[in-house]
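Below is one structure, written out as structure tokens, with a few remarks after it.
Below, read A as the first sequence line, B as the second, and so on, with proteins coming before strands; counting in each chain starts at 1.
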Amino acid sequence: MARISPLEVYKLLPGINCKKCGADTCMAFASQLIERKKKVEDCTVLFEEDKYKEKREKLIELLTPPIKEVVIGDGLKVGGEEVLYRHELTFFNPTALFIDISDDMSDEEIEERVRRINKFKIERVGQELKLDGIAIRCKTNDEVRFGEVVLKVVENSKMPIALCSFNPEIIEVGLGIAINRRPLIYAATRNNWKKFAELAKNYNCPLVVYEEDIEKMSDLVQDIEEYGVSDIILDFGTYPQGEPLARAIENMISARRAAIEDGFKPLGKPILGNATVAWLVESDPIKASHLESSLAASLMLNYADIIFMHTLETWAILPLLTLRQNIYTDPRVPIQVEPGLYAIGKPNESSPVLVTTNFALTYYTVASDVEAGKVDAYILVLDTEGLAVEPALAGAKFTASLVKEHLEKFKVDEKVNHKTIIIPGMAARLSGEIEDITGWRVLVGPIDSSRIPKFIEEKWKKNGKA
Amino acid sequence: MLNLDDIIRILSEVDEIELEGVSIEAQELIMELKQGLAYIPVAKHAKKEKVEKKKEKLKYERKIREYTGSIQEVQIGATRKEGGTRDYVIKIGGQTTLYPYEGGYKNRPVVSFDVFDIPQPQFPKVLREIWSEVWHDPVAWAEKALEYGADLITIHLVSTDPHIKDTSPREAAKTVEELLQQIKAPIIIGGSGNPEKDPKVFEKVAEVAEGELCLIASANFDLDYKKVAQVAIKYKHNVLSWTSLDINDQKSLNKLLFEEGLPRNRLVQDPTTAALGYGLEYTYSIIQRIKQNALKGDSELQNPISCGVTNAWGARESWMKTPEWGAREYRGPLWETVNALAVLFAGADIMMMLHPLAVKTVKMVITSIFEKVNPSREVKYEDWIKI
Ligand code: SF4
């Protein structure tokens, strides 16, 4: 699918450059709209004057991604994707992970789980990895209990929630309590859809539709839309293994391809995957958590925009959040680390200083190689504008004067009592020039950072500190 | 606590009861409940609008996609009839469609276990626990790997590295010869990564394994890849064409190897598998691009893909004892599993792996997706609410 151009968007804007939207010109605003940094509503002019009605409507139509973006709670966005493969553009809204709470759990257990979901946080590559929501399921089929549990969750957590039951009466009780939180309603089926559609419409909440047959799903979604529900999420059912698992994933891919490749709107909706089904076949918590996380990864890799899970084991969640971080990295922007002097292990004044670039992958590879080799060292990260060593050298972003600047800026001479730096093997040709202008001695390190520990052992320890 | 809004709403629902047959009792329950809880009605019951005209529904139909290219089918291992001594062979690739459900997959992806020619005491603890009892003997190691469900075996001749043991090519060849005599699975032969030594080792090894259609890993830009291609051609083996996360490099190396005379169906490509958390997204996208370009007709990329998923163990999250990350004995195998699933769904044909649990899970997913086996246990999806 071809991306829309700023010009196409510009043509539908007033073109008066009044700056009310915060952008300097309508053209700048057009680019920001495409980058999703601004919303159409920010151009107040478009909405105030009736003569723009047609343009406005066309613009909204133009900017609606093939996969509708649905908001759960007060700002959790799911869906909104434009492409099938991240390399074609980028994926926008990372898969949301919802952890379940069952209404048959004791109050203490619920409080403890909610507390753990709230505070779950792991730092990786300068980002905070967190969970996204709580799925409250009604196991007891007792409205009173379900209501109590929803209240308890709402009181103890600000996270987005999903209310889960196939019984509309039960859902309505939950909605009555949690309405201000705009919960996700789970789930309408071909049998009960009218009642659910009614609830979703009246309470203005997003609605999950569960249907395993993709043709029937398409029909059902259209019925529900016609009924007046606009925020719909598709659940094709998830199975723990075998042909039913294949079928579920096939449906997910087919729906996404129909929406993006063929512009088939009824299936252009966020998709829900449900990894909790692992617990239907495994009762041992460790085995079940392993299977559940593997299923969740499989769903995430096949277009799930939201995933329900049961495990709260960090070892089971960390790989998933890391996968999400990888897959949802914008391929258009190389991820960078802050330039600076980084300590790996416990370096002291006689430890080696390694120089590398601020392309995140380069930095983290070097850092993990140094760490794996149990070497205590400093890494001086140069601002190469996010380029790896080779392209940085080619584009003159990695230069002797840049090294000089960073040595001074980060006061490397105050950290170590020697005047030797180790530069990447690929930057060997800069060594003379660096020595000339910085007065530091240069050791040319290995081309591949995996050989750094050996290099330190052999070259640095023998003659580095001389 | 019932207020007017409630009553109106309930009454209006009663109206629905006739239409949809919900029992009165349920309504009464709700009324009781609302009195018990601080129920705050927010939404007003919308007046039912008369449905005027039904809009024509759009019918979903699965569109058949056309692919102009296809992937080479590569055979690893040769039976006695074919000039080798294997009991069975592995076929990979051969796809004519992007996804298995489109019908163009005749072979499922396979898993190879890594075996080394010397003990690997630097392995993370969970791997040491499994392999240390067999790592003094590559044959015993390979046999155990096959018990764990390996489709084939990769023997890494790491001891040939001059900085490790500098094992001679002749000795390395003996290791391979013995392995081929004792085990019946097809094998992949890996060097030490030393660019000067590897071609020499491959030459001897390829000779003793003549006709077995092994996969020689690897030919790459750091070493004399022409020589690797030549010995593979001469002694009838496949070549792994290995590059570093660059699709254009991959294209050119493949092309150069074909120009050496390597038959099109004797090359497997490896664009490098970065570890989960350490650049996996590059690998993921390159594999997807290779597969898509191949099916669009790019003849230099139309070969199966092999992935060194074992690299997952290079990520500290897979082995480091860090209480905030949870128990490492479970985290490590899952790290490798998730890494494998990412390349599997991107389009990998061979996954080289190390942990039996990771292999078990990945093979479960493979048999589910690519062979659509019947599940060992039937479950009802809606029951997830009651777990
Ligand atoms: S508010 Fe609208 S009209 Fe004014 S500059 Fe922005 S885009 Fe243009």
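- Under a 4.0 Å N-O distance rule, the pair A/Asp262/B/Arg65 qualifies as a salt bridge.
- For the atom pair B/Arg377 CZ and A/Glu282 CD, the distance stands at 8.5 Å (nearest 0.5 Å).
- For A/Arg86 and B/Ser285, the side-chain atoms include at least one donor-acceptor pair closer than 3.5 Å.
- B/Lys360 is not listed as a side-chain neighbour of A/His290, based on a closest heavy-atom distance of 4.5 Å or more.
- Interface residue A/Ala316: backbone and side-chain heavy atoms are both found under 4.5 Å from chain B.
- For chain B, the nearby part of A/Ile286 is the side chain; its heavy atoms alone come within less than 4.5 Å.
- Chosen from A/Ile317, A/Asn302, A/Thr329, the residue pairing most often with chain B at heavy-atom distances under 4.5 Å is A/Asn302.
- Proximity to chain B (any heavy atom under 4.5 Å) is shown, for A/Glu313, by neither the backbone nor the side chain.
- Counting all heavy atoms, side chain and backbone alike, A/Ser294 lies closest to B/Leu341 at O-CD1, 3.4 Å.
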May I have the step-by-step check of side chain to side chain contact (heavy atoms under 4.5 Å, CB included) for A/Thr322 and B/Glu317, ending in yes or no?
CA-CA 10 Å; A/Thr322 308; B/Glu317 286 87 342; 5.6 Å; no
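- Between B/Tyr330 and A/Trp315, the two ring planes are tilted [angle within 30° to 60°].
- Note: B/Arg289 leads B/Glu324, B/Arg289, B/His163, B/Met320 in heavy-atom pairs under 4.5 Å with chain A.
- For the set A/Tyr186, A/Tyr328, A/Trp279, the entry with the most heavy-atom pairs within less than 4.5 Å of chain B is A/Tyr186.
- Under the ring pair (Phe, Tyr, Trp, His ring centres under 6.0 Å) criterion, B/Tyr67 pairs with no residue at all, not counting sequence neighbours.
- To the nearest 0.5 Å, the span separating CD1 on A/Ile327 from OH on B/Tyr284 amounts to 5.0 Å.
- Neither the backbone nor the side chain of B/Ile366 comes within contact range of chain A; no heavy atom of the residue lies under 4.5 Å from a heavy atom of that chain.
- Looking at A/Leu301, the atoms closer than 4.5 Å to chain B (heavy atoms on both sides) sit in the backbone and in the side chain alike.
- Chosen from A/Leu280, A/Leu295, A/Asn141, the residue pairing most often with chain B at heavy-atom distances under 4.5 Å is A/Leu280.
- Shown are A/Lys216, A/Glu215, A/Met217; of these, the side-chain contact (heavy atoms from CB on, under 4.5 Å) with B/Tyr60 is made only by A/Glu215.
- A/Asp213 does not touch chain B: none of its heavy atoms, backbone or side chain, sits under 4.5 Å away.
- The CE atom of A/Met300 lies 12.5 Å from the CZ atom of B/Phe345; values are rounded to the nearest 0.5 Å.
- Both the backbone and the side chain of A/Arg257 come within contact range of chain B, with heavy atoms under 4.5 Å apart.
- Checked against salt bridge (Lys or Arg N to Asp or Glu O under 4.0 Å), A/Lys121 has the following partners two or more places apart in sequence or in another chain: A/Glu128.
- Chosen from A/Thr238, A/Thr189, A/Asp104, A/Leu291, the residue pairing most often with chain B at heavy-atom distances under 4.5 Å is A/Thr238.
- Contacts between B/Glu371 and chain A at a heavy-atom distance below 4.5 Å are absent for every atom of the residue.
- Contact of B/Ile286 with chain A is not made at all, since no heavy-atom distance falls under 4.5 Å.
- The distance from the CG atom of B/Leu357 to the NZ atom of A/Lys287 is 9.5 Å, given to the nearest 0.5 Å.
- A/Pro331 places none of its side-chain heavy atoms less than 4.5 Å from the side chain of B/Glu281.
- In this structure the side chain of A/Asp223 reaches within 4.5 angstrom of the side chain of B/Lys57, judged on heavy atoms.
- When each of B/Ser376, B/Gly326, B/Ser368, B/Ala340 is scored by its heavy-atom pairs under 4.5 Å with chain A, the top score falls to B/Ser368.
- Residue A/Pro319 forms a side-chain contact (heavy atoms from CB on, under 4.5 Å) with just one option from B/Leu276, B/Thr337, B/Asn339, and that option is B/Leu276.
- Dense packing is recorded around NZ of B/Lys372, with more than 12 heavy atoms of other residues, nucleotides or ligands lying under 6.0 Å away.
- The residues B/Arg316 and A/Glu371 are annotated as salt-bridged, a charged nitrogen and a carboxylate oxygen being separated by less than 4.0 angstrom.
- Heavy atoms closer than 4.5 Å to chain B are found in the side chain of A/Ser218, but not in its backbone.
- For the 3.5 Å distance criterion, the side chains of A/His87 and B/Gln292 qualify, holding a donor opposite an acceptor.
- Contacts of A/Leu323 with chain B are made by both backbone and side-chain atoms, with heavy-atom separations under 4.5 Å.
- For a residue to count as touching a neighbouring chain, one of its non-hydrogen atoms must lie under 4.5 Å from one of that chain's; by this rule A/Leu267 touches chain B with the side chain only.
- Of the two parts of A/Asp369, neither the backbone nor the side chain holds a non-hydrogen atom closer than 4.5 Å to a non-hydrogen atom of chain B.
- For A/Tyr239, the part sitting under 4.5 Å from any heavy atom of chain B is the side chain, from C-beta outward, and nothing else.
- Shortest non-hydrogen contact noted between B/Gly193 and A/Arg451 is O-NH2, 4.5 Å.
- Here OG of A/Ser254 is found 8.0 Å from CD of B/Glu102. Values are rounded to the nearest 0.5 Å.
- For A/Leu320, no part sits under 4.5 Å from any heavy atom of chain B, backbone or side chain.
- Heavy-atom distances place no part of A/Asn167 under 4.5 Å from chain B, backbone and side chain included.
- If you measure heavy-atom distances from A/Thr365 to chain B, you find no contacts under 4.5 Å at all.
- Using a 4.5 Å heavy-atom threshold, the side chains of B/Tyr99 and A/Ile253 count as touching.
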Could you go step by step and tell me if A/Asp219 and B/Lys59 meet the side chain to side chain contact (heavy atoms under 4.5 Å, CB included) rule?
CA-CA 7 Å; A/Asp219 291 351; B/Lys59 275 281 158 208; 2.7 Å; yes
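- Of the possible polar contacts, one joining the A/Gln222 side chain to the B/Leu58 backbone as a donor-acceptor pair under 3.5 Å is found.
- Between A/Glu261 and B/Lys63 there is no salt bridge, since none of the side-chain N atoms of the basic residue sits less than 4.0 Å from a carboxylate O of the acidic one.
- Comparing B/Ser318, B/Ala327, B/Ala275 by heavy-atom pairs within less than 4.5 Å of chain A, the highest count is held by B/Ala327.
- Interatomic distance, A/Gln241 CD to B/Asn374 CG, rounded to the nearest 0.5 Å: 10.0 Å.
- Contacts of B/Trp335 classified as ring pair (Phe, Tyr, Trp, His ring centres under 6.0 Å), with partners at least two apart in sequence or in another chain: none.
- Of residues 378-387 of chain B, those residues lying under 4.5 Å from chain A by any heavy-atom pair are B/Val379, B/Lys380, B/Tyr381, B/Glu382, B/Asp383, B/Trp384, B/Ile385, B/Lys386, B/Ile387.
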